[in-house]
Amino acid sequence: MEPAGRTRCSNPSWRARSATASGRPSIELAPTWSPAPIPAACCTWRPPASTCATPSSWSRRPSIWTEPAAAGARNGCPVDTGPVRLPLMRWSKLFIPTLRDAPGDAEAASHRLLVRGGFMRQLHAGHYSLLPLGLRVHDKVERIVREEMNAIGAQEFLLPAMHPASVWEQSGRWQLMGDEMFRLTDRKGADLALGMTHEEVIAGIATEVSSYRMLPQLWYQIQWKFRDEPRPKAGLLRVREFAMKDSYSFDIDEAGLDASFDLHHDAYVRIFERLSLPAIPVEASSGAMGGSDSIEFMVPSPAGEDDVVRCVACGYAANIERATSQLEPVADPAEAAALERFATPGVVTIAALAAFEGGAPADRQLKSLIMVADGEMVAAVLRGDHQLNLQKLSDALGVAAIRPAEPEETEAALGAKPGSLGPVDVSGVRVVVDRALEGRTNMVTGANADGFHLRGVSIERDVQVDLWADLREVSAGEACPNCGRPLEIVRCIEAGHIFKLGRKYTEAMGVTVLDEDGKTRVPIMGSYGIGIGRGVAAIAETFHDDNGLMWPVAVAPYEVVITVVNVKDEASTAAAQALYDELRAAHVDVLLDDRNARAGVKFADAELIGIPFRITIGPRTLGDGEVELTPRRTGDTTVVAIEAIAAEVTALVADAR
RNA sequence: CGGGCUGUGGCGCAGUUUGGUUAGCGCGUCGGUCUGGGGGACCGAAGGUCGGAGGUUCAAAUCCUCUCAGCCCGACCA
């Protein structure tokens, strides 16, 4: 979808040459590329004379600065004209509303700093306006993603954001998606949805692929997606509308899918490298989408919402929804005792049963958790001291919705309240048992009668197991399943997710091709996503300090800021202007802080908005023909001869792009 | 959906318990003077339906009822 408020352009030659997916000319920053001349009437918006409010002070005090290629000011409003059309980059004319205080209710660092730095403003929960500075970063992230997708031969599409219910009904997801999908009705009463993803739409187009000769295809789009999140939070990290790169691969067979998947894996590694994000590829659950070989790219951050289990020794990494570990064996008494029911008045917790005379330690108890999975009652059975991971149970059962049963439901199904439940002699309830319990004997569990427990329970003998599965959530410090070293748990932001989809959507949408034998085949799909705005937030979370953001050069809104300490010093302004012109000519993204403000304000703002390199021009050093260079990351200032600074900074920037 | 908290100029907050002059403070903004290497000083100014609706009262930011919104925790969540 074309986000509201962005420039529209109907000139086909312009659009064909450099339009982006969102229909908006991208900022051109490549040092080797100059835009061809553009019809002046098309995409270069100028304020009509009548709307160009000209503060009287502008005419009274003509600017001491000039634009290199500018024909001058039009109606008092500076415009950037001339053969190379670069955006104006003088702070005094830009809208960069920095704040001394962040909104009181913002907690995540990225949220606070992106608002304070004038990158974005909240419209309402989960919906943010990107201000010019924020859009520049967003654009650069988007551009890197686009370049790497193009590099693996993927082709970009622009797809509708609003979909008829019919395509979602065809795949079965009109029901499945529930409240997370925004739905609306048009004037004719037809049901519509705002797309939360585009499998259905893209598979619909893929019906036109008719021969194996046209496969594989890698298709992608970078567009606005809508999800009615139950709880938007943390600024851009979890929102209800956002730009996302989604790509889809179509292959004739599994081997082809493997290749497409690997291409994406490599592309994602490169993308996160270019974004400077230390993303960890981890094994993940593919959730309600089904499929296999699901890999998430996780960026460690306390602001994240996922836990990753990681082994620093051997590199094992998995989402906690998938992670496993080695367990210390528990010694059960050798002789398998007979099943025996005993009274346990008032004992309804694992801890109480461990302390109870005739009970057993937690690791020799069976814990039964009653769940409702897609409407069916299920008992999840784990060792007493183990935690259930709901996603693991959900994956094992292959269900979409799962929740703990209400106490009344539990009592109706098993005849006892929670606290006295057990897996022995149950009927009408599917029993799923954690693999950690294999072979265990002489355990203690609830008797499904309030106030009674059973001892002498041996799993294989006494429990009717419907399904063995890994249900247990790994804890920090347990042994790595590969190498046995202690595992750690890291909170992470999910920055990307790739997985093999299978044939669910190609089948549903009726995609078929003829293979080399003339037989009809259903292509197999992969699905690969990266959230652009979430990437921006993840970078902000990763790179900041007490003074503000610290953008990597590749995504910084500006690569260099020239801070003029005192704009009333003519030598300073002249030197700054010359340097500004020189850096612009070298295609460096340079911001000239020409504001008539005190030096402290400018330094603080430059640090807050996180420009990677600051060049300070002031009388202190200029008399000696020198300026200062301060990288944002280190804060170390070096003095550089004014003739040498442009070349040095250009090289530093080029090196870091 | 459950629990907790909060809505007062652009931002951050006080005032609400115990109703009572013209609703304050800091920052920011605008004009001016001085200043000019780490959010400077002084003078002057603009800017507020106290989230909304209804009610109680001589009188409501303050009390009552309803409602809307936002944030945090949990649940949930390609």
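Sequence lines set the chain letters: A, B, ... in the order given, protein chains first and strands last, and positions in each chain run from 1. What you see below is based on every heavy atom in this structure, not just the backbone, and it leaves out hydrogens, waters and symmetry mates.
Here, rG52(B) and rA60(B) have their P atoms 15 Å apart, quoted to the whole Å. Nucleotides rG19(B) and rG55(B) have their C1' atoms positioned 15 Å apart, rounded to a whole Å. Here the separation of rG31(B) from rG47(B), taken at their C1' atoms, is 15 Å to the nearest Å. Separating the P atom of rG38(B) from that of rG4(B) is a span of 50 Å, rounded to the nearest Å. Nucleotides rU6(B) and rA61(B) place their C1' atoms 15 Å apart, quoted to the nearest Å.
The nucleotide rA45(B) finds its pairing partner in rU29(B), both defining distances of the Watson-Crick or G-U wobble pair being shorter than 3.5 Å. rG19(B) is unpaired under the Watson-Crick or G-U wobble criterion, no partner having all donor-acceptor distances under 3.5 Å.
No N or O donor and acceptor, one from the side chain of Gln122(A) and one from the base of rG70(B), sit under 3.5 Å apart. Checked by distance alone, Asn596(A) brings a side-chain donor or acceptor within 3.5 Å of a matching partner on the base of rG36(B). Judged by distance alone, with hydrogens and angles left aside, Arg231(A) brings no side-chain donor or acceptor close enough to the base of rC76(B) to form a pair under 3.5 Å.
Mapped onto RNA chain B by nearest heavy atom, Gly600(A) and Glu180(A) fall at different nucleotides, with Gly600(A) at the one closer to the 5' end. Nearest-nucleotide positions on RNA chain B for His198(A) and Arg116(A) put Arg116(A) closer to the 5' end.
Taking the six-membered ring where tryptophan is involved, the planes of His111(A) and Tyr128(A) are perpendicular, since the angle between them exceeds 60° and thus also 30°.
Here Asn319(A) lies out of heavy-atom contact (under 4.0 Å) with every strand.
Using a 4.0 Å cut-off, some side-chain N or O of Arg100(A) falls inside it from OP1 or OP2 of rG28(B).
Between Arg238(A) and Glu494(A) there is no salt bridge, since no side-chain nitrogen of the basic residue lies less than 4.0 Å from a carboxylate oxygen of the acidic one.
Between Leu113(A) and Leu608(A), the shortest heavy-atom contact is CD2-CD1, 4.0 Å.
The side chain of Arg598(A) has rU35(B) as its nearest neighbour among rU35(B), rG39(B), rC72(B).
The main-chain N or O of Arg472(A) is found under 3.5 Å from a side-chain atom of Lys392(A) such that the two form a donor-acceptor pair.
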